[in-house]
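The next block holds one structure in the form of C-alpha cells; read it before the comments.
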Amino acid sequence: MRILTKETFSLWVKPLLWLQQRHFGKVLNPAKLWGRKPMLFWLVALFFGYLDRKKSPIDAVIRSLVCVRVSQLNNCAFCVDANGMKLAERCHSLEKIKALANWQSSEHFSEQEQAVLTYTEAMTLSDQHVSDAMLAALATWYSSDDIIELTALVSFQNLSAKFNTALDVPAQGFCSLPIQPQPQQRSHDEK
C-alpha cells in the first residue's frame, strides 16, 4: 500500500475492525487506511451497510454483479477479490461469474441484469454517458426510488475502487475464481 497503516487505532475504529476480524478472519486492508480517519470510516461503513442490506430493493446477486463489474472496470484487485467472494456466495452460476467481464456477449445474463450492467458501465466509464433509454430500461424492473439506490450503489463502488486503486490496496486472497480485473470493455450500446 502506498500509505502506511497505523499500529494502533482510535476506540471509535476498533469495533469496526473487530467486526471485520470476526466476519472475514482478518481486518480488511482498506479498513487499515480508512481507520486513519475514524469519522470517514464510520460514514463509509454505514453507507455500504445500508446499500447492501437484506431488505434492499436491488437483488443481492445483482448488487454483487454491480460491485464486481465496477471493480473490474477500475482494475481494483482488492475490490475484485472481496466482492468476488461475496458474488460467489450469492450467485450459484460459476459460468455467470466467469463471464462477467464479457457479459455483453454472454447468454448467462437476464435482460434485467443486462440493463443494470449497461447502466453500471455508463456510470463508471468516463467515455460513456447514461441515456434516457437506459433509465427507461431500468424502470421495467425498478421504481424511481430503486434507481436512486442502484445509482448510489454504483457510485459507492466507484468511490471504493478508486480509493483502493489510488492507494494500491492489494487483494487478500478471499476469492480464487477467475474474475480478476479485465481491460475495459465496450458497453452493450457501442456494439
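The heavy-atom pair separating Trp12 from Pro38 by the smallest distance is CB-CB, 4.1 Å. The two residues Pro15 and Leu11 have their closest heavy-atom pair at CD-O, 3.1 Å. Between Leu4 and Arg36, the closest heavy-atom pair is O-NH1, 2.8 Å. Counting all heavy atoms, side chain and backbone alike, Leu65 lies closest to Leu117 at O-CD2, 4.2 Å. Across all non-hydrogen atoms, the minimal contact from Cys175 to Asp81 is N-OD1, 2.7 Å. The two residues Ile97 and Ala88 come nearest to each other via the heavy atoms CD1-CA, 3.8 Å.
Atoms NZ and CG, on Lys14 and Leu19 in that order, are 14.5 Å from each other to the nearest 0.5 Å. Once rounded to the nearest 0.5 Å, the distance linking CD1 of Ile148 with OH of Tyr142 reads 14.5 Å. Taking CG of Leu167 as the start and CG of Asn29 as the end, the distance is 11.5 Å to the nearest 0.5 Å. The CG atom of Leu28 sits 8.5 Å away from the NE2 atom of His23 when rounded to the nearest 0.5 Å. One distance of note links CZ of Phe47 with CG of Leu153; it measures 8.5 Å at 0.5 Å rounding. If you take CD on Gln157 and NZ on Lys162, they are separated by 11.0 Å, rounding to the nearest 0.5 Å.
Tyr50 and Ser56 form no side-chain donor-acceptor contact under 3.5 Å, judged by distance and modelled atom types alone. Side-chain contact of Asn74 with Thr165: a donor-acceptor pair under 3.5 Å is absent, judged by distance alone. Remark: the Glu113 side chain and the Trp141 side chain contain no N/O donor-acceptor pair separated by less than 3.5 Å.
A donor-acceptor pair under 3.5 Å links the side-chain atoms of Thr140 to the main chain of Ala137, judged by distance alone.
Counting only heavy atoms from C-beta outward, the side chains of Ser160 and Pro30 never approach each other to under 4.5 Å. Between Asn83 and Val66 the shortest side-chain heavy-atom distance does not fall below 4.5 Å. Considering only heavy atoms from C-beta on, Thr151 comes within 4.5 Å of Tyr119 through its side chain.
In this structure, Lys32 fails the cation-pi test against Phe9, since its NZ or CZ atom is not both closer than 6.0 Å to the six-membered ring centre and inside 45 degrees of the ring normal.
Remark: Asp59 does not engage Arg90 in a salt bridge, criterion side-chain N to carboxylate O under 4.0 Å. Salt-bridge formation is not detected for the pair Arg63/Glu149: no Lys NZ or Arg NE/NH1/NH2 atom is positioned less than 4.0 Å from an Asp or Glu carboxylate oxygen.
Within 6.0 Å of the NZ atom in Lys37, the count of heavy atoms belonging to other residues, nucleotides or ligands does not exceed 12.
Under the 4.5 Å side-chain heavy-atom criterion for grouping Ile, Leu, Val, Met, Phe, Trp and Tyr, Trp18 is not connected to Val13 through any hydrophobic cluster.
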Does the pair Ser143 and Asp146 meet the rule for a side-chain hydrogen bond (donor to acceptor under 3.5 Å, both in side chains), with working shown? CA-CA 5 Å; Ser143 70; Asp146 298 345; 3.3 Å; yes
